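As the structure is a prediction and not an experimental result, all values here were calculated from the model. The chains referred to below are lettered A, B, ... by the order of the sequence lines, with proteins before strands, and numbering in each begins at 1.
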There are 2 protein chains.
Amino acid sequence: MIKMARLTEYGFMLIMALKKSSHPVSAEYLAQTVGLEVPTVSKILKQLRKAGLLDSKRGAYGGYFLMKRKRDISLHEVIEAMEGPLALTECADLNGDCRLIDHCYMSAGMRRVNQVISQALQNVTVSEIMDTDRKITLQLKS
Amino acid sequence: MIKMARLTEYGFMLIMALKKSSHPVSAEYLAQTVGLEVPTVSKILKQLRKAGLLDSKRGAYGGYFLMKRKRDISLHEVIEAMEGPLALTECADLNGDCRLIDHCYMSAGMRRVNQVISQALQNVTVSEIMDTDRKITLQLKS
DNA sequence: CGCATATAGGACTAAATTGGTACCATATAA
DNA sequence: TTATATGGTACCAATTTAGTCCTATATGCG
């Protein structure tokens, strides 16, 4: 299905609930804020941190905080952080193991489509999908 | 994962292997052509037919054939035929049951992103992803 | 120091989705 | 009437995803 994983959606919610360079916010507090269980939230935050979108501080009064402003975080970054490199099809994935390559002629064209979608996601930021009133303007050329 | 289902990829391969208004081609023959099992191919062909992309003729010398030329079939049509309405997120899906709506503010913006991707897929045809030499040109405004 | 708080990392289980198969009914050509 | 081929549906298997738990490490403070 062409759908982001549920954990990725949660990832967006968590990023939206955080701020850049403010006091760290604990996983427990965030869990309450977004209405999810602590272990789940914890897992996602660790993953986003590993990808460099967040940073953390351990120990008492510790927690997580954004490394960038929300208007500088693209949807693409978040999705890749949560799901790894975007690959619409098996054959577009460079590490994919499409064993049907002999019967399939779409590989090159498909990669191109992949790029287009990738660009679409790179050109929209987290703050843009929060501002529901603001029109998102996309101009893509490929 | 933002990836089309494997069966959808197979669907593309089958469409590529078919022609408009020629003799019907049997599922068995197609299975050999693309290197997949007959039951699997059969299942996909039935689904594509139901969506109106193919038509079929039963009985001896029966089989499947395209209803349109490949340059008139968009990626979007094929994907929707195989996977149902495209919804990048749970909340973008009108039938989705996102119970976190109270904590999530991205719904409207996300729908917009969904539309952009949808359009990207509508603007590329099957024949374009077969012609690996031809440049696919996309100009999207949303 | 010792204790409470909080993240780091990895392993594990459960649930949901997807892929693949099989069966029986119906239609068609010769 | 027989061989060929699709229509529809139900089912099982495999994979993927979601969610939980446990132990280790770091930090602040009395």
N/O donor to acceptor pairs below 3.5 angstrom from side-chain atoms of residues 42-69 of chain A, sequence neighbours left out:
from, atom 1, to, atom 2, distance (Å)
A:Q47, NE2, A:M82, O, 3.1
A:R49, NE, A:S56, OG, 2.9
A:K68, NZ, A:E77, OE1, 2.6
A:K68, NZ, A:E77, OE2, 3.3
A:R69, NE, A:D72, OD2, 3.0
A:R69, NH2, A:D72, OD2, 2.7

Length of the line joining [X]:[atom1] and [N]:[atom2], which is rounded to integer Å:
X: B:D55; N: C:dA27; atom1: CG; atom2: P; value: 15 Å
X: A:M4; N: D:dT16; atom1: CE; atom2: C1'; value: 18 Å
X: B:Y29; N: D:dT6; atom1: OH; atom2: P; value: 14 Å
X: B:R6; N: C:dG19; atom1: CZ; atom2: C1'; value: 7 Å
X: B:K3; N: D:dT15; atom1: NZ; atom2: P; value: 14 Å
X: B:E37; N: C:dG19; atom1: CD; atom2: C1'; value: 12 Å
X: B:L14; N: D:dT6; atom1: CG; atom2: P; value: 12 Å
X: B:F65; N: D:dT6; atom1: CZ; atom2: C1'; value: 12 Å

Closer to the 5' end of DNA chain D via nearest nucleotide, is it A:K57 or A:V38?
-> A:V38

Using a cut-off of under 3.5 Å, enumerate the N/O to N/O pairs linking the protein to nucleotides 1-5 of chain C.
from, atom 1, to, atom 2, distance (Å)
C:dT5, O2, A:A60, N, 3.3

Going by side-chain hydrogen bond (donor to acceptor under 3.5 Å, both in side chains), name the residues that satisfy it together with [X], two or more places apart in sequence or in a different chain.
X: B:S118; answer: B:H76
X: A:T8; answer: A:E83
X: A:E28; answer: none

[atom1] of [X] to [atom2] of [Y]: how many Å apart, nearest 0.5 Å?
X: A:N114; Y: B:I2; atom1: CG; atom2: CD1; answer: 10.0 Å
X: A:T40; Y: A:L7; atom1: OG1; atom2: CG; answer: 7.5 Å
X: A:L75; Y: B:I117; atom1: CG; atom2: CD1; answer: 8.5 Å

Ranking D:dG19, C:dG20, C:dT7 by distance to the side chain of A:S56, first place goes to C:dT7

Contact residues, residues 41-53 of chain A to DNA chain D [heavy atom, < 4.0 Å] = A:K43

Which part of the nucleic acid does A:E28 contact within heavy-atom distance under 4.0 Å: base, sugar-phosphate only, or nothing?
-> nothing

For A:E80 and A:L86, indicate whether the former's side chain and the latter's backbone hold a donor-acceptor pair under 3.5 Å.
-> yes

What one should report as the nearest heavy-atom pair of B:V25 and B:Y29 is CG1-CD2, 3.3 Å

